[in-house]
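Nothing here was measured: the structure is a model prediction, and the numbers come from that model.
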Amino acid sequence: MTGIKDSRKKSRICASLALEKKALDVVILEVKKLTMIADYFLICSATSKKHSQTICDSIEEGLYKIGIHPLGIEGYTAGEWILLDYDDVIVHVFYKPFRELYNLEKIWYDARRIEISEKGKRVRSSKRT
């Protein structure tokens with residue numbers, strides 16, 4: 001994988017690309033101290049399965065333009081929970097009812113949470129205790 005080496009910056013680019021396509025409830029979870037699978041999770045919601053696919057396409061195309069390619073993409077056809085694996089950043093795009101069902105934020109409760117505003121600025125960063 002070429003492109004950006006800073007996983008935090010990569011997660012913010014993913015968030016910005018998702019927001020360009022009107023993703024909802026965008027949050028970045030810093031999980032690098034909790035797991036070896038990634039440094040950051042980006043989690044966002046979509047209003048429909050097609051919207052999930054559109055958000056996914058935006059992230060994939062945007063990162064491709066700067067030389068970053070996914071290791072894998074899962075769930076694209078169904079559009080309920082799409083996972084884009086960028087090694088140190090894993091993107092979860094949920095059709096809203098499925099985000100509520102799987103509730104990754106609860107599973108990763110100890111992760112430092114970085115909420116993103118609609119303009120891509122950091123709203124709040126916190127570690128839950």
Side-chain angles (χ1 to χ4, degrees):
M1 179 186 309
T2 61
I4 296 171
K5 302 295 183 202
D6 179 348
S7 57
R8 184 180 178 108
K9 184 175 181 181
K10 190 188 307 180
S11 70
R12 290 190 171 280
I13 291 169
C14 290
S16 178
L17 291 165
L19 286 166
E20 285 178 11
K21 295 301 178 186
K22 309 293 185 210
L24 305 171
D25 304 320
V26 179
V27 67
I28 298 171
L29 299 179
E30 184 178 309
V31 296
K32 62 184 166 187
K33 293 181 181 177
L34 303 173
T35 182
M36 295 181 348
I37 61 174
D39 292 345
Y40 294 92
F41 288 166
L42 170 75
I43 304 171
C44 64
S45 298
T47 57
S48 68
K49 294 174 185 179
K50 180 64 178 162
H51 188 207
S52 295
Q53 293 166 335
T54 300
I55 294 166
C56 175
D57 292 342
S58 175
I59 294 168
E60 185 179 11
E61 291 168 14
L63 291 182
Y64 183 83
K65 288 178 183 176
I66 57 174
I68 302 172
H69 308 281
L71 298 176
I73 299 174
E74 300 291 333
Y76 183 88
T77 303
E80 297 165 349
W81 176 2
I82 303 173
L83 184 141
L84 297 99
D85 183 351
Y86 285 101
D87 189 32
D88 51 358
V89 176
I90 298 177
V91 178
H92 301 270
V93 182
F94 284 98
Y95 173 39
K96 192 168 177 133
F98 290 87
R99 181 173 181 175
E100 294 165 2
L101 175 67
Y102 290 104
N103 199 359
L104 290 186
E105 289 97 329
K106 184 176 180 183
I107 294 170
W108 294 96
Y109 187 79
D110 289 339
R112 183 169 167 251
R113 182 181 175 112
I114 304 167
E115 292 188 31
I116 307 299
S117 74
E118 288 186 24
K119 295 183 180 178
K121 296 179 183 173
R122 190 165 118 191
V123 174
R124 182 178 61 179
S125 176
S126 65
K127 179 170 182 346
R128 299 188 180 193
T129 55

Does Tyr95 have its ring centroid less than 6.0 Å away from the ring centroid of His51? no
Student check: side-chain heavy atoms of Arg12 and Ile114 closer than 4.5 Å: yes
On a heavy-atom basis, which atom in Ala15 and which in Val26 lie closest, and how many Å separate them? CB-CG1, 3.9 Å
Are the side chains of Glu105 and Arg99 in touch, meaning some heavy atoms are under 4.5 Å apart? yes
Run the side chain to side chain contact (heavy atoms under 4.5 Å, CB included) check on Asp85 and Ile73 step by step: do they pass? CA-CA 6 Å; Asp85 183 351; Ile73 299 174; over 6 Å; no
Which heavy atom in Leu29 sits nearest to a heavy atom in Ala111, and how many Å separate them? CB-CB, 4.0 Å
Side chains of Gln53 and Tyr76: closer than 4.5 Å at any heavy-atom pair? yes
Please confirm whether the backbone N or O of Leu84 pairs with a side-chain atom of Glu74, one donor and one acceptor, at under 3.5 Å? no
CD1 on Ile59 to NZ on Lys10, rounded to 0.5 Å: 12.5 Å
Which atom pair, heavy atoms only, marks the closest approach of Val91 to Cys14? CG2-SG, 3.9 Å
Test log, rule side chain to side chain contact (heavy atoms under 4.5 Å, CB included), inputs Thr54 and Lys22: CA-CA 10 Å; Thr54 300; Lys22 309 293 185 210; over 6 Å; no
pair Phe94-Ile43: side-chain heavy atoms closer than 4.5 Å: yes
Do you reckon Phe98 sits in the same ILVMFWY cluster as Leu83, going by side-chain contacts under 4.5 Å, direct or chained? yes
Heavy atoms of Gly62 and Leu17 approach each other most closely as CA-CD1, 3.8 Å
Heavy-atom nearest pair, Cys44 first then Ile55, reads SG-CG2, 4.1 Å
Kindly indicate whether the side chain of Tyr86, heavy atoms from C-beta on, has any atom under 4.5 Å from the side chain of Leu63. yes
Would you call Glu30 and Arg113 a salt bridge, taking side-chain N to carboxylate O under 4.0 Å as the test? no
Ile107-Ile90 co-clustered via ILVMFWY side chain contacts under 4.5 Å: yes
Students often mix this up, so state it plainly: with edges at 30° and 60°, are the rings of His92 and Phe41 parallel, tilted or perpendicular? perpendicular
Using 30° and 60° as the class limits, which term best fits the ring planes of Trp81 and Tyr102: parallel, tilted or perpendicular? tilted
Inspect the contact between Arg8 and Asp39 and indicate whether a charged nitrogen and a carboxylate oxygen are less than 4.0 angstrom apart. no
To the nearest 0.5 Å, tell me how far Ser11 OG sits from Leu42 CG. 7.5 Å
What pair of heavy atoms forms the shortest contact from Ile82 to Cys56, and how long is it? CG2-SG, 3.7 Å
With the threshold set at 4.0 Å, does a side-chain nitrogen-carboxylate oxygen contact exist between Lys96 and Asp25? yes
